[in-house]
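Convention: sequence-line order gives letters A, B, ...; per-chain numbering from 1.
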2 protein chains.
Amino acid sequence: MTDDGSLASRGKPRVHKQTVKTLAFSILRGDFPAGHVLPPETELCDTLGISRSALRESIRALKDKGMLVARPRHGTIVQPRSAWQLLDADLLSWSMEIDPGAEFVLSLFEARQVIEPAAARLSALRATPDDLAALETAFADMTRAKAAGDFPRFNEADIAFHLALLRASSNVVFIQLSNMIGTALAIAFRMSIARAREPGASLSKHGDLITMIRARDPVGAENMMSRLLAIAAIDLGLNGGE
Amino acid sequence: MTDDGSLASRGKPRVHKQTVKTLAFSILRGDFPAGHVLPPETELCDTLGISRSALRESIRALKDKGMLVARPRHGTIVQPRSAWQLLDADLLSWSMEIDPGAEFVLSLFEARQVIEPAAARLSALRATPDDLAALETAFADMTRAKAAGDFPRFNEADIAFHLALLRASSNVVFIQLSNMIGTALAIAFRMSIARAREPGASLSKHGDLITMIRARDPVGAENMMSRLLAIAAIDLGLNGGE
DNA sequence: CGTCAAGCATTAATCAGACTAATGAGGATC
DNA sequence: GATCCTCATTAGTCTGATTAATGCTTGACG
């Protein structure tokens with residue numbers, strides 16, 4: 001799921017996976033605009049130099065993501081963006097790799113501002129010792145990475161922290177949105193880099209949040225997370241939504 | 001996407017789609033517990049009476065949903081629930097059809113309590129005339145259906161209302177969660193039926209919500225939606241989360 | 001007896017080509 | 001002009017053969 005062919009991710013460059021990415025990128029890049037019918041299967045097989053089974057499995061994947069629809073006699077046609085399942089793990093990472101788009105970035109952050117405080121509240125009510133340990137570990141990694149000036153590693157630990165928080169909420173829906181949150185954080189990091197800002201100004205707040213959760217203070221945890229995200233919003237140059 | 005073979009949904013009973021459902025149901029029902037390897041492709045083809053291409057496309061779909069993982073020499077193994085992408089449209093409807101599960105239902109409702117008030121707030125800021133018209137139409141349908149005592153139709157209109165609200169928020173992430181919200185509402189409706197309760201006690205609140213949005217009152221809209229959901233929580237016998 | 005490497009067997013992944021079915025277009029019929 | 005029939009196009013399905021990945025067995029070696 002997380003491995004592409006680009007990085008030598010231990011082993012096996014499956015054909016259809018590569019094809020899926022190729023086709024998806026073509027669509028994302030706009031080579032095939034919405035409503036456009038792409039060439040017949042046999043022709044595409046020729047172009048891509050693969051067999052029909054492999055191509056069909058690739059197309060199946062893209063159909064399940066809402067990017068394509070196939071009908072006999074008509075061909076395979078590209079669906080408008082509105083039909084895509086943008087929260088799909090693959091689609092999310094691809095569109096991030098190409099170009100997230102300002103509107104999408106804003107939507108992601110708005111969603112974080114709503115979901116993460118709620119997750120913090122629930123975590124304060126339900127977090128298990130294991131959950132707290134995961135949060136502590138991530139926080140320790142963040143602290144260490146910042147001290148070392150290793151910002152990529154800091155971002156990684158930051159993401160781990162927020163995902164651990166979602167898991168601690170014990171809410172299945174929130175946990176399922178981990179991909180979205182993780183992607184949003186990765187984008188935020190890249191934007192910070194682009195602006196030559198130092199990320200991690202809110203490090204101490206993360207520690208305070210753990211304290212709140214440990215103290216079983218749902219209101220405090222929720223507020224702390226809101227404040228944390230408000231700082232992040234300023235860092236990103238967003239107005240914060242209010 | 002939305003059509004199954006069960007209902008005569010205008011035309012074409014595709015083989016692999018039926019197979020996907022069959023396999024998914026077997027897994028959901030627990031015939032194949034997590035970690036279990038299902039029979040080799042050739043054998044499964046025999047059992048199901050289909051060709052390998054069809055079976056393979058079906059398995060691809062389930063792999064993309066996180067339910068299966070295939071490795072040469074080992075076979076295709078069933079993944080634990082934690083690896084499944086539960087917010088996937090198909091998976092959501094299937095697990096609802098089989099058995100939602102109390103924990104999952106609670107998670108869905110908690111997510112609604114967080115997301116929908118926020119969507120209401122954003123709608124008050126951004127709703128276009130078209131969005132308002134969609135809300136009005138859905139509300140009118142609700143009113144009419146309730147007057148006629150047609151509860152299934154009422155539920156349908158209710159879902160349309162909430163989806164229109166998400167769309168009016170202009171937040172891509174919220175819009176993408178339409179499936180989840182719709183499913184949650186459908187479950188809520190079935191639970192109400194099971195308890196022999198009359199749904200729709202909060203009808204007037206929906207109208208008030210439209211008024212708030214029309215008046216561009218974000219705080220009022222958010223509060224109204226929260227109250228509306230609190231009523232729904234009571235109807236469902238949930239404690240409401242606070 | 002334990003360790004490691006080569007070969008073997010199993011299974012998914014891929015390829016190749018034919019056949020089937022759905023469906024819109026265009027022509028024949030009235 | 002409208003209706004029905006035929007046909008061409010394209011995705012869907014089937015069949016079976018080949019390739020590649022990988023755990024397991026086996027046996028050599030220490």
Rounded to whole Å, please give me the gap between [atom1] in [X] and [atom2] in [N].
X     : N      : atom1 : atom2 : answer
B:R14 : D:dC14 : CZ    : C1'   : 14 Å
A:I50 : D:dT19 : CD1   : C1'   : 16 Å
A:L38 : D:dT10 : CG    : C1'   : 12 Å
B:R56 : D:dC14 : CZ    : P     : 15 Å
A:L48 : C:dC15 : CG    : C1'   : 15 Å
B:R71 : C:dA9  : CZ    : C1'   : 17 Å
B:L55 : C:dT11 : CG    : C1'   : 13 Å
B:R60 : C:dA12 : CZ    : C1'   : 11 Å

Is the phosphate of [N] approached by [X] (side-chain N or O, under 4.0 Å from OP1 or OP2)?
X     : N      : value
A:H74 : D:dT9  : no
B:K17 : D:dA11 : no
A:T76 : D:dA11 : yes
A:H16 : C:dA13 : no
A:S51 : C:dT14 : no

Margin query: I'd like to know if B:R52 reaches the base of D:dG16 with its side chain such that a donor and an acceptor end up less than 3.5 angstrom apart.
Written below: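 Answer yes: a donor N or O sits under 3.5 Å from an acceptor.
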- prompt: Does B:S53 or B:E41 map to a spot on DNA chain C nearer the 5' end, using the closest nucleotide for each?
  reply: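 That would be B:E41.
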Judged by nearest nucleotide, the residue sitting upstream toward the 5' end of DNA chain C, B:R73 or A:G49, is B:R73
State which of C:dA22, C:dT11, C:dC15 makes the closest approach to the side chain of B:P40.
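Selected nucleotide (nearest to the side chain): C:dT11.
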Practice item. From the options D:dC14, D:dA17, C:dT11, select the nucleotide whose nearest atom is closest to the side chain of B:A54. Key: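 Selected nucleotide: D:dC14.
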Notebook entry, point to check: Which part of the nucleic acid, if any, lies within reach of B:T42 when heavy atoms closer than 4.0 Å are counted: base, sugar-phosphate only, or nothing?
Noted result: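 Nothing, no nucleic acid heavy atom in range.
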Is it true that a side-chain atom of A:S26 and a backbone atom of A:D31 form a donor plus acceptor pair closer than 3.5 Å?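 Checked: no pair found.
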Side-chain donor or acceptor of A:D46 paired with backbone N/O of A:E43 under 3.5 Å: no
Tell me the closest heavy-atom pair linking [X] and [Y], and the distance in Å.
X      : Y      : answer
A:A184 : A:L108 : CB-CB, 4.0 Å
A:T19  : A:S58  : CB-OG, 3.4 Å
B:G66  : B:W84  : O-CD1, 3.2 Å

